[in-house]
Amino acid sequence: QQQVKQSPQSLIVQKGGISIINCAYENTAFDYFPWYQQFPGKGPALLIAIRPDVSEKKEGRFTISFNKSAKQFSLHIMDSQPGDSATYFCAAEGGGYQKVTFGTGTKLQVIP
Amino acid sequence: KAGVTQTPRYLIKTRGQQVTLSCSPISGHRSVSWYQQTPGQGLQFLFEYFSETQRNKGNFPGRFSGRQFSNSRSEMNVSTLELGDSALYLCASSPQAGGVEQFFGPGTRLTVL
């Protein structure tokens, strides 16, 4: 019940295209849903986060869409750039003994 | 402000040995969490410390332990190393206990031979 399922595992997008990464959770007690971006040799960095009381949050080219009834949320990267090439992790927090539960990651490659 | 620092960055040990990893949080942050990152299991939560007390613990065996000092610096210890302990160990700090915004360090890459 603590799992967060993330897809796809890898993604190749053309420069200027839209990258979409999806996550699904089971524990309805989760109340905070962050996305992290990780470059090789670096630790994850918080990109954007949402709470379940809103359905969408936008920051620059990054948007989180949240569907509480379906227990799903997704990250959309508009106008994807080669500099966005990284591994993206969704996560869910709250409702239990663990600090945070991470998805398995999506390796995004944006090609020129 | 300096970010989260972790030492050492790379470590090679053999099975059966023990290892201690260190983490210095961002100045003023009192919460430190530890994570294990592997290609197969992804990012898994180990434990969180706040004000020298363990607040939360993940599903890891007792060989994994940690502590936090009065200056908020934290250490993680793994005893009787196994090959499967090879991973990137990440430390993250937050301003308060249970803080949702975490700032990660670059990690310590542990290789067990």
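A note on names: the letters A, B, ... follow the listed sequences, proteins ahead of strands, and every chain is numbered from 1. Reckoned from all heavy atoms, side chains included, excluding hydrogens, waters and symmetry mates. This structure is a prediction, so every number in the text was calculated from the model and none was measured.
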* With a cut-off of 6.0 Å (strictly less than), are more than 12 heavy atoms of other residues, nucleotides or ligands near CD of A:Glu59? -> yes
* Does a sphere of radius 6.0 Å around CZ in B:Arg15 hold more than 12 heavy atoms from other residues, nucleotides or ligands, not counting ones at 6.0 Å or beyond? -> no
Under a single-linkage definition using a 4.5 Å side-chain heavy-atom cutoff for Ile, Leu, Val, Met, Phe, Trp and Tyr, are [X] and [Y] assigned to the same hydrophobic cluster?
X: B:Ile26; Y: B:Val32; answer: no
X: B:Leu21; Y: B:Val112; answer: yes
X: A:Leu11; Y: A:Trp35; answer: yes
X: A:Ile21; Y: A:Phe73; answer: yes
X: A:Phe89; Y: A:Ile20; answer: no

When rounded to the nearest 0.5 angstrom, what distance separates [atom1] in [X] from [atom2] in [Y]?
X: A:Tyr36; Y: B:Phe104; atom1: OH; atom2: CZ; result: 5.0 Å
X: B:Gln41; Y: A:Phe102; atom1: CD; atom2: CZ; result: 14.5 Å
X: A:Thr104; Y: B:Leu43; atom1: OG1; atom2: CG; result: 10.5 Å

Minimum heavy-atom distance [X]-[Y], with the two atoms named:
X: B:Leu90; Y: A:Gly43; result: CD2-CA, 3.9 Å
X: B:Leu88; Y: A:Gln38; result: CD2-NE2, 4.2 Å
X: B:Phe45; Y: A:Val100; result: CB-O, 4.0 Å

* To do: Would you mind checking which part of B:Arg109 comes under 4.5 Å of any heavy atom in chain A, side chain (CB onward), backbone (N, CA, C, O), both or neither?
  =>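 Neither the backbone nor the side chain of B:Arg109 comes within 4.5 Å of chain A.
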* **Contact origin within B:Gln37 toward chain A - heavy atom pairs under 4.5 Å** =>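 The answer is the side chain of B:Gln37.
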* Asked: By a 4.5 Å heavy-atom criterion (distance strictly below it), what part of A:Pro44 contacts chain B: side chain, backbone, both, or neither?
  -> both
